[in-house]
Each structure stands twice: as structure tokens, then as C-alpha cells.
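Predicted model, so just to flag it, every value in this text is computed and none were measured. All values below come from the heavy atoms of this structure, side chains included, with hydrogens, waters and symmetry mates left out.
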Amino acid sequence: SVFTSTTSSSVTFSGTSRRYNFCSGTKWYPLFDYSGSGTLQINGFGDPLLYGNEVRRMFNVSGGGTLDIAGVTLADGYAAANGGAISCSSGTVLLEDVSVTGARADRSGAGLYGDDCSLVLNNVAFDAGYAGDNGGAIACDGGSLTMANAALDGNEAGNAGGALYLLDCAADITDTDATAGRADFGGSVYAQRSSTATLAQLNWTTGTLSDGVAQIGGGVYLAGSAAYPLEVRLDGVTVSTSQASNYGGGFYLSGVELELVSSEVLNNAATYGGGGGFSDMSSVNMDSSLFDGNNVVFQVGGGMLINNSN
């Protein structure tokens with residue numbers, strides 16, 4: 001199907017695959033609800049606008065189906081639950097050349113929420129999203145996230161992960177920046193492995209995590225346990241100019257095995273400890289990495305505060 005004018009509609013179907021093309025100048029108000037083993041394909045030509053009007057989610061996929069979106073802007077989606085613009089449950093989401101702006105979710109994943117899904121994103125932008133709970137831009141709850149050439153800017157969460165929230169999620173991220181995020185825990189990024197998750201890990205190659213604000217972990221909050229540590233590798237990543245009102249201006253670690261390679265932790269600040277980073281019950285292995293210009297107001301650890309760690 002091809003849409004060339006302003007249209008408001010709901011499309012619900014299951015089983016078979018479908019493709020919709022949206023042309024330049026389109027401002028459409030859709031709700032696609034797809035369940036099945038096929039593919040819902042959305043193609044944009046000339047960057048059409050798909051608009052939630054601050055009252056509806058645009059896409060819902062479940063039951064093993066695939067949502068494949070390319071070349072569109074998703075604006076002002078809203079959900080009273082998870083996934084203000086896109087929600088996925090036991091399926092696959094493919095996004096390429098997609099912008100998601102102004103999305104809101106009362107719970108988690110303002111722009112994109114995945115529950116045991118495979119999320120594959122390339123050349124995407126998420127900005128000005130807000131989640132009442134977790135993941136002001138993206139929340140991955142189980143499953144996997146593969147993301148490249150992304151910009152996550154100015155997103156906020158009421159609890160954890162101002163831009164990105166990863167719970168028991170295997171994440172592989174490259175050439176991605178997360179900036180100006182806000183949350184209580186992990187201004188830019190929050191990642192956690194629970195005791196039952198065997199695949200949870202985070203690999204981030206090349207990018208900037210900057211200007212995050214949180215109570216704990218102004219830039220990044222990473223958590224696992226002694227028995228089930230979260231494995232994290234940051235390669236060519238800069239964590240900078242982030243602030244924590246309590247601990248860990250740049251990053252906060254608890255039950256984590258962190259490898260820092262060719263990375264920089266610069267000009268971060270915390271009030272009570274670990275201006276650059278706070279490490280608790282964790283191991284940190286650094287190779288050709290730099291801590292500089294970090295600050296703590298009270299107590300100790302301007303660069304990094306190490307507690308029961310190595």
C-alpha cells in the first residue's frame with residue numbers, strides 16, 4: 001500500500017507479511033498492531049512523518065513477527081505502559097535511517113521497548129524521550145540489542161537509564177553517542193545482569209557518553225553480582241562531563257567485570273565519592289585509557305573510588 005496524504009488509521013493483522021510505503025510530505029497518524037511469524041515492512045521516501053499526536057503508540061509487534069522500518073521519522077508517540085513509539089514482545093525490530101523524537105511512555109522504553117526481542121538498529125536518532133520508569137530512549141528487557149551509528153540525545157527516565165536501559169540484554173553497540181540524559185540511576189546508560197541471565201553483556205566500541213545527570217552513575221550505572229558479574233567492554237569510548245549527586249560521576253560499578261580499552265573518563269563530578277568512577281565488588285582492567293579532570297566534592301576518589309574491588 002502507498003500513502004501520499006494525511007491519514008489517520010489503525011491496522012491490525014496477523015500471520016501474513018505486509019509492506020507499506022509512505023511518500024514525501026506525509027504526516028500520518030497510524031497504529032500498526034502485528035502478531036505473527038511474517039514481516040511488517042515500512043518504507044519511507046523523502047522522510048515522511050508518522051505522528052502519535054501524544055496519544056498513541058505507532059507500532060506494536062508480537063508473537064515472533066518482524067517489524068522492519070526504514071527512512072521515516074516517528075514523532076510524539078505515547079503509551080500508558082511500555083514503548084511510546086514502538087513496543088516489541090518476542091519478536092524482531094529492524095530500524096534503519098529512522099528518527100524517533102518526543103516519545104513518552106508511562107513505564108519503560110519511551111522510543112523503543114523490547115521484551116525478549118532482537119533489536120537491530122542502524123543510523124538512528126532518539127531525542128527528547130521520557131519514560132516514567134526506565135529507558136528514556138530505549139529499553140531492552142531480555143533478548144539482544146545491536147546498534148550502530150546512533151545518536152541518543154536529551155532523553156530522560158524517572159528511574160534508570162536516561163537514554164538506554166539494558167536488563168539481561170546482550171548488547172553490541174558501535175559508533176554511538178548518548179548525551180544529556182537524566183535518571184536517578186545511570187544518566188546515560190543503565191545495564192544490569194540478574195542471577196538467571198546467561199547472555200547479559202555490554203560491548204561498546206567508539207562513542208561518547210556525556211553530560212549525563214543522575215543520583216548514582218551520572219554517565220553509566222552497571223550492575224551484576226559476585227556470582228553473576230556483568231561483563232562490559234568499552235573500547236574507544238569517552239565518558240565525560242557527567243554528574244552524580246551521590247556516587248560515580250562518570251560511572252558506577254557493582255558486580256561488574258569492566259574492560260576499558262583506549263577509552264577516556266574526563267571532567268566528571270560526584271558529590272560523595274568517585275568523581276570519575278565508583279567501583280564496588282568489581283574488577284576493572286584498563287589498557288591505554290585515561291582518567292583526567294574528574295572531581296569529588298566530599299570524601300575521596302576524585303579519579304576513581306575503589307571499594308572491595310580489584
Side-chain angles (χ1 to χ4, degrees), residues 136 151-157 159-166 173 175-192 202-224 229-310:
L152 316 177
D153 182 61
N155 300 285
E156 183 176 355
N159 183 48
L164 183 60
Y165 176 82
L166 308 171
I173 300 171
D175 297 318
T176 291
D177 299 332
T179 56
R182 300 179 67 93
D184 286 348
F185 306 97
S188 293
V189 178
Y190 180 99
Q192 180 181 353
L202 171 60
N203 296 311
W204 198 309
T205 304
T206 312
T208 298
L209 310 176
S210 66
D211 300 309
V213 177
Q215 293 181 25
I216 301 176
V220 185
Y221 187 112
L222 306 171
L230 175 67
E231 298 179 3
V232 179
R233 177 184 171 92
L234 303 181
D235 189 344
V237 174
T238 297
V239 180
S240 64
T241 55
S242 293
Q243 302 178 45
S245 59
N246 288 320
Y247 298 98
F251 58 81
Y252 179 89
L253 312 176
S254 179
V256 174
E257 294 178 356
L258 172 64
E259 187 175 3
L260 282 175
V261 180
S262 302
S263 294
E264 297 180 327
V265 181
L266 307 174
N267 303 317
N268 302 284
T271 301
Y272 293 111
F278 184 103
S279 177
D280 182 46
M281 297 184 297
S282 300
S283 66
V284 181
N285 183 16
M286 292 186 289
D287 181 7
S288 303
S289 295
L290 173 68
F291 281 68
D292 188 51
N294 302 289
N295 180 59
V296 63
V297 178
F298 302 111
Q299 297 185 10
V300 294
M304 185 161 67
L305 178 58
I306 300 173
N307 182 48
N308 297 321
S309 300
N310 57 66

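Pairs passing the side chain to side chain donor-acceptor pair (under 3.5 Å) check and including a residue from residues 235-245, sequence neighbours excluded, read D211-T241, R233-D235. Here salt bridge (charged side-chain N to carboxylate O under 4.0 Å, His left out) pairs that include residues 243-253, with residues two or more places apart or in two chains, number zero. Annotation: ring-ring contact (aromatic ring centres under 6.0 Å, His included) contacts involving residues 253-277, sequence neighbours excluded, comprise Y272-F298.
Closest approach of A157 to G136, counting heavy atoms only: CB-N, 3.9 Å. In terms of heavy atoms, G217 sits closest to A244 at N-CB, 4.1 Å. Closest non-hydrogen pair, S188 versus G212, comes out as OG-CA, 4.1 Å. Residues G162 and A183 share a closest heavy-atom pair of N-CB, 3.5 Å.
For the atom pair OG (S283) and CG (L258), the distance works out to 8.0 Å, reported to the nearest 0.5 Å. To the nearest 0.5 Å, atom CG of residue L253 and atom CE of residue M281 are 11.0 Å apart. Once rounded to the nearest 0.5 Å, the distance linking CG of L152 with CG of D177 reads 8.5 Å.
With sequence neighbours excluded, the residues satisfying side-chain hydrogen bond (donor to acceptor under 3.5 Å, both in side chains) with N268 are N294. When the ring pair (Phe, Tyr, Trp, His ring centres under 6.0 Å) test is applied to Y190, the partners found at least two apart in sequence or on another chain are Y165, Y221. Take V237 and apply the side-chain contact (heavy atoms from CB on, under 4.5 Å) test, not counting sequence neighbours, and it matches W204, L209, L234, V239, S263. Partners of T179 by side-chain hydrogen bond (donor to acceptor under 3.5 Å, both in side chains), not counting sequence neighbours, listed by chain and number: D153. Not counting sequence neighbours, the partners of Q215 by the side-chain hydrogen bond (donor to acceptor under 3.5 Å, both in side chains) test are D184.
At least one side-chain heavy atom of F291 sits less than 4.5 Å from a side-chain heavy atom of L260.
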Please assess I173 against L164 for the test side-chain contact (heavy atoms from CB on, under 4.5 Å), listing each intermediate value before the final yes or no.
-> CA-CA 11 Å; I173 300 171; L164 183 60; 3.7 Å; yes
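Judged by distance alone, the side chain of S282 and the main-chain N or O of E257 form no donor-acceptor pair under 3.5 Å.
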